[in-house]
There are 2 protein chains.
Amino acid sequence: MSVDKRLAEARQLSQMLLDAAELSKNRFAQIAEEIGVPVHLARAICLLETAAPMTELASKLACDKSYITPLADQMEKLGLVDRVADAKDRRIKLLELTAKGRLVRERLGERVAQLSPVMVSLNASERAHLEKMLMQILNA
Amino acid sequence: MSVDKRLAEARQLSQMLLDAAELSKNRFAQIAEEIGVPVHLARAICLLETAAPMTELASKLACDKSYITPLADQMEKLGLVDRVADAKDRRIKLLELTAKGRLVRERLGERVAQLSPVMVSLNASERAHLEKMLMQILNA
DNA sequence: TATTGTTATACTCTATAACTATA
DNA sequence: TATAGTTATAGAGTATAACAATA
């Protein structure tokens, strides 16, 4: 295949990948708004299935720990999480969802399962295919 | 399928989509750096196959026109584009790649064709599959 | 000495609004 | 009156560096 054709295909496919990812993000933002939670808090809440140190959350969100402090402040203010002292290491504060936080997390989960573009647009076997190919891309 | 399972699958697949898109972006950034062009300029240069009004570039980059002015300034300073007066409408400035700009664009193209994750990881039929599924997602 | 979380600050990216020159 | 591009300014999102408490 010519360089030009390969380039055109690489461009198009990469752009579609970017667009699909953005669609997915936008859908999540819509869901968060529908539920009434700022989207950056919603992402964090999804990751707090079990209580976790703030540093661990920073690592999962791929951000600096200094970003977690105000984020935790906001979640606390909204009554979504508590800062809980760790039993063994007194430096550590665990972020633990409150009852309200768990409820929000559950609702987010339900709506994501219903509305996520990959779930809406693809059947089970197509999803399996997609997963396989994304895996190949990510492991290259 | 249970809500929990659907949620887990939606999460995983969406995350993989996001990760693959990010990998693609990072690869492009690497290529731009290798060639010695700031990545935001590289994106613009790729879109300037033919000379285009600044507003048109803004539309393609999905940004405000006020963002294009400093971007064009930088490209001009590096000798990659010229601001050319439009023959018919004197309000319009066309951004046109210089010889140097065209060379940079060509090099970017070659490297993208070689290194883009979708090209590296998938063969032609897999890419066709991926394209079909991304299309379904984007048209939902 | 290294690590957790906090604070103050600064930086990057991008948009908004007001402006000018044309149309 | 509307549009192309420019300018000044402001905001969102995030990081860096220094710090206190604890390990």
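These figures come from a predicted structure and were not determined experimentally. In what follows, chains carry the letters A, B, and so on, assigned in the order in which the sequence lines appear, proteins first and then strands, with residues in each chain numbered from 1.
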Revision key, fill the gap. Residues in residues 14-35 of chain B with a heavy atom under 4.0 Å of DNA chain D, by number, are none
Practice item. Before accepting this row, confirm whether a basic side-chain N of the pair E9(A)/K5(A) lies closer than 4.0 Å to the acidic partner's carboxylate O. Key: no
Study note, to complete from the structure: Closest heavy-atom pair, L13(A) versus L134(B), reported as atoms and distance to 0.1 Å, is O-CD1, 4.3 Å
Practice item. Mind checking T55(A) for me? I need base, sugar-phosphate or nothing, with any heavy atom below 4.0 Å counting as a touch. Key: sugar-phosphate
Revision key, fill the gap. Rounded to whole Å, the CG-P distance (D86(A) to dT3(C)) equals 17 Å
**Study point:** Worked check of side-chain contact (heavy atoms from CB on, under 4.5 Å) between L48(B) and E96(B)
**Key:** CA-CA 7 Å; L48(B) 289 174; E96(B) 181 171 49; over 6 Å; no
Study note, to complete from the structure: Going 5' to 3' through nucleotides 13-23 of chain C and flagging B where a protein heavy-atom sits under 4.0 Å of the base, S where only the sugar-phosphate is that close, and - otherwise, we get -BBBB----BS
Check your understanding: Rounded to whole angstrom units, what separation is found between the NZ atom of K93(A) and the P atom of dA21(D)?
Key -> 12 Å
Review point. Are any of the side-chain nitrogens in R91(B) or D89(B) under 4.0 Å away from the carboxylate oxygens of its partner?
Key: yes
Review point. With the 4.5 Å side-chain cut-off for hydrophobic clustering, are L17(A) and M135(A) part of the same group?
Key: yes
Review point. Is any side-chain heavy atom of R43(A) less than 4.5 Å from a side-chain heavy atom of H40(A)?
Key: yes
**Study point:** R83(A) side chain near dT6(C) phosphate (N/O to OP1/OP2, under 4.0 Å)
**Key:** yes
Check your understanding: For the atom pair CD1 (I137(A)) and OG (S24(B)), what is the distance rounded to the nearest 0.5 Å?
Key -> 8.0 Å
Study note, to complete from the structure: When rounded to whole Å, the CD1 to P distance for the pair I68(A) and dT3(C) reads 18 Å
Exercise for review: Using distance alone, with no hydrogens and no angle criterion, decide if N26(A) and Q30(A) have a side-chain donor and acceptor under 3.5 Å apart.
Suggested key: no
